[in-house]
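All values below come from the heavy atoms of this structure, side chains included, with hydrogens, waters and symmetry mates left out. Every number for a ligand or one of its atoms is a count from 1 in the order of the listing. Start at 1 with the first residue, then count along the sequence.
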Amino acid sequence: MKLTKTDYLIWKDCAKNAWLKIHKPDIYFAEPLSAFDQGIIETGNEVDVLARELFPGGVLVSGLDASEETKKLIKSQTSVIYQPVFETALYKVICDILVWNADSKTYDLYEVKASNSGDDKKKKDELYTYDIAFQYLVLKELNVPLGRLSLVRFNSEYVRGAELDLEQLFLKEDFTEKVMKVSNMVKEEMKIAQEFLASEKEPFGPCKCVTRGRSAHCTTFSYSNPHIPDYSVHDISRIGMSKKKLEELIDSSIFLIEDVPEDFPLSEKQRNQVTATQLDKVFIKKDEINAFLKNISMPISFLDYETFAAGIPRFAGFSPFNQITFQFSLHILEEKDKEPRHAEFIFTEDKNPDEEFILALKEKLPSKGSVITWNKSFEMGRNKNLAKRNPEHKEFLENLNSRVIDLMDVFSEQHYIHPKFKGKTSIKYILPVLAPELSYKALDIQEGASASDSWNKIVKGEYSKEERLEKIEQLKTYCKLDTYAMYAIWKHLSDLV
Ligand code: SF4
């Protein structure tokens, strides 16, 4: 078995998971890739191709016998090589770009990442250093003359003009020193990982995520930990932040929330969730809900946006991964005891929707009253971005933001606790409990990442004419349910108090 760079990095993160990927792919790949993960892969591929333009005129290795093809290109000192493939007895790696340096008579290596320079930099730099070190060690074993080792990633400060400026969009960072510092360690790890993953013997027992909160678990968690129920102590709100507490529960073989002792130290919110589960009881703080509702003024606008985060900025004024705000749904309630009326907007051309989006909002959104969103930081953040790119509409967007009230607060502040919420505050958890007649499950598009993906395919012309129309309708239906769901939850709360 040849260890690839990808499997080495998975092994570094979790040896057991890497083993399952190789030896039990039916379990590792049991769940289809989410639209979100698919989007990350597609963006990565697009960025790889675009970054090649930084080093034009190269040869793309793409034949069946890619490592032989690579050998020949290296031997002939081909000036730029894209996607060269290298194999030793134990390892295999595909690099992104090699550039021949005629002065030093070495190849400079460039690893391309569809990543911003600002986010999570320390952690990402560490990961990228191991990534490049793996490549360095394989190429070194094959006696490929190597010069500088660099990372190419997005410059988060870049703002696109009319045209893309690749030299400004990408940062080239020299990682040579960083790689040298870890190369001995990585060499050892590669040997250990290769031996471990080549073994047919399955690692025994529960995996290390048994003492981590649910959000850290990968898709194979229930396979490795069949004794842990689907809703367990791992789902106690923010328990992953207090590893000691979780360890204590697991060490005492307490897996069910029902079994958490009364005197076990938990935060107030965690204790409330546990108590609601143990007593199977709903807790409603009517006074707090009443006070919350009193802050809402008529007419009420229930508002929701759909967006697409384009890694490579598509339009002037956009930076890498800025959200393109392409759709909104609005339910407007003029009088308390009437049904809300619906308004919507969707932009389906491959150009900047900002102006049309804002004008449609101006036309359809009442100029007074409260604007209800779910998880307000998202819509408010988009409004701030829109105002930055379109300062002529700043006043309108700021006014809109000043009227926003977050309906999710009722649940995150625990004015309403239901055992069936399972400690979650997403509308996807709250709606089926409070308004079971409304459901996302019957929809073709059921969550935001699929909406983004569908919109991207619409504007990229990847659908037939009929599919395109169908997808547009599905997007409208999905976004419409988001705002009607907010109305239904607001109504449920209003009827309570
Ligand atoms: S759940 Fe965690 S420890 Fe278990 S296999 Fe997945 S990543 Fe590894």
[X]: which residues meet the side-chain contact (heavy atoms from CB on, under 4.5 Å) condition with it, sequence neighbours left out?
X	value
Asp108	Asn101, Thr106, Tyr110, Arg148
Ser319	Val159, Asn322
Ala198	Met1, Gln194

Legend entry - Whether His234 and Phe221 hold their rings parallel, tilted or perpendicular, with breakpoints at 30° and 60°: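 Taking Phe221 first and then His234, their aromatic rings stand perpendicular (interplane angle over 60°).
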Inset, instruction - Please work out which of the three classes, parallel, tilted or perpendicular, describes the rings of Tyr416 and Phe411, given edges at 30° and 60°. - result: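 Tilted.
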Legend entry - Carboxylate-amine/guanidinium proximity below 4.0 Å for Lys123 and Glu126: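 No.
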Legend entry - In the protein, N/O/S atoms that are found under 2.8 Å from atom 8 (Fe) of ligand 1, waters not counted: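 Under 2.8 Å from atom 8 (Fe) of ligand 1 - ignoring waters, which are not counted - the protein N, O or S atoms are Cys14 SG.
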